[in-house]
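Read the structure below first, then the notes.
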Amino acid sequence: MQRARLSAAAAGVLMAAALLSACSSKPVDRTAGWSPNRIHAEARDELNSGAYDKAIPLYETLEGRAAGTPLAQQAQLDKAYAQFKDGQKAEAVATLDRFMRLHPASPAIDYALYLKGVINFNDELGLFSFLSRQDLSERDQKAAKEAFESFDELVKRFPDSRYAPDARARMRYTVNALAQYEVHVARYYFLRGAYVAAINRAQQAIADYRDAPALEEALYILTRSYDKLGMNELRDDARRVLDQNYPDSQYLARGFQPPDKPWWQIW
């Protein structure tokens, strides 16, 4: 009986020790007792030093401590930027979408749109994937299109925003990139004898991206594809448009050699 009581007592001691151990291993909140301004200052220091992984949780803490204040809104924007710089692009976009949903009248909406556009603009698989060896017909330009949409909304809603000039330049770049992508795919199909597919992609580029530098090659691909298919009337129509818009076209003289000026030199 006494041994049973001793065993129960020992078990109680062990349980208490386990609980104490669990409590002692609980992470210590170093921001306990800090004012929102101090948290903001610490987060800003981490952000400026490039310690984005440390800045993000501080901004999350600040959102809660300063809820309902402009400082909390600023924390959301700064957190999105830190996530972007830390490589967490999807999380950054989600943070910005949440900010714009919760604060539609915020004076920082233009910045939120701009940052969202920049995040997608810098997605290498979106804008620059056509430079690699992967099958061009299997690529997705979703990021580039979403970047354009964010910049387009920015310049339409806030034409005098400090971010509008850069957004417009990035829009031109994005349009040229998207047009170039379509033309690369059209060329891919043409060189493999898929002339109908080449025509469809070239026409898509011409319809969607007027005045883009890549349209010269698109018209050339149309001309060559119609010729390969024996569609002489359509070939002559495409050639006539090419001659009218690009009377000194280097494609007619050199084939698929690129022009001297790269398509991306737009500003």
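Since we're looking at a predicted model, the values are computed, not measured.
A 4.5 Å side-chain heavy-atom check between Leu252 and Ser249 finds at least one atom pair inside the cut-off.
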Go through the steps to decide whether Thr95 and Gln76 satisfy the test side-chain hydrogen bond (donor to acceptor under 3.5 Å, both in side chains), and finish with yes or no.
-> CA-CA 7 Å; Thr95 297; Gln76 292 177 42; over 6 Å; no
From CA spacing to verdict: salt bridge (charged side-chain N to carboxylate O under 4.0 Å, His left out), Asp97, Arg101 = CA-CA 6 Å; Asp97 285 340; Arg101 185 175 65 254; over 6 Å; no
Contacts under 3.5 angstrom, residues 59-68 side chains, donor-acceptor by atom type, not counting sequence neighbours:
from: Thr61; atom 1: OG1; to: Pro57; atom 2: O; distance (Å): 3.0
from: Glu63; atom 1: OE1; to: Arg98; atom 2: NH1; distance (Å): 3.2
from: Glu63; atom 1: OE2; to: Lys79; atom 2: NZ; distance (Å): 3.0
from: Arg65; atom 1: NH1; to: Thr31; atom 2: O; distance (Å): 3.2
from: Arg65; atom 1: NH2; to: Asp29; atom 2: OD2; distance (Å): 3.3
from: Arg65; atom 1: NH2; to: Thr31; atom 2: OG1; distance (Å): 3.0

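Between Tyr195 and Tyr189, the gap from one ring centroid to the other reaches at least 6.0 Å. Aromatic ring centres of Phe148 and Phe121: separated by at least 6.0 Å.
The side-chain hydrogen bond (donor to acceptor under 3.5 Å, both in side chains) contacts involving residues 32-52 comprise Arg44-Asp78, where partners must be two or more places apart or lie in separate chains.
Both Leu47 and Phe84 are part of a single hydrophobic cluster, where members link through side-chain heavy atoms under 4.5 Å apart. Both Ile109 and Val155 are part of a single hydrophobic cluster, where members link through side-chain heavy atoms under 4.5 Å apart. When hydrophobic clusters are built by joining Ile, Leu, Val, Met, Phe, Trp and Tyr residues whose side-chain heavy atoms come closer than 4.5 Å, directly or via intermediates, Leu102 is not grouped with Leu113.
Screening Asp236, Asp237, Asp243 for a side chain to side chain donor-acceptor pair (under 3.5 Å) involving Arg240 leaves a single residue, Asp237. Among Gln88, Gln83, Lys89, the single residue meeting the side chain to side chain donor-acceptor pair (under 3.5 Å) criterion with Asp86 is Gln88. With Tyr111 as the fixed residue, the ring-ring contact (aromatic ring centres under 6.0 Å, His included) test singles out one of Tyr163, Tyr81, Phe99, Phe158: Tyr163.
A side-chain N or O of Tyr114 and one of Asp166 form a donor-acceptor pair less than 3.5 Å apart. Tyr251 and Glu217 share a donor-acceptor pair across their side chains, judged by distance under 3.5 Å alone.
The backbone N or O of Tyr188 lies less than 3.5 Å from a partner atom in the side chain of Arg192, making a donor-acceptor pair.
Looking at Asp227 and Arg239, no side-chain N of the basic residue comes within less than 4.0 Å of a carboxylate O on the acidic one, giving no salt bridge.
How far CD of Gln204 is from CG of Asn200: 8.5 Å, rounded to the nearest 0.5 Å.
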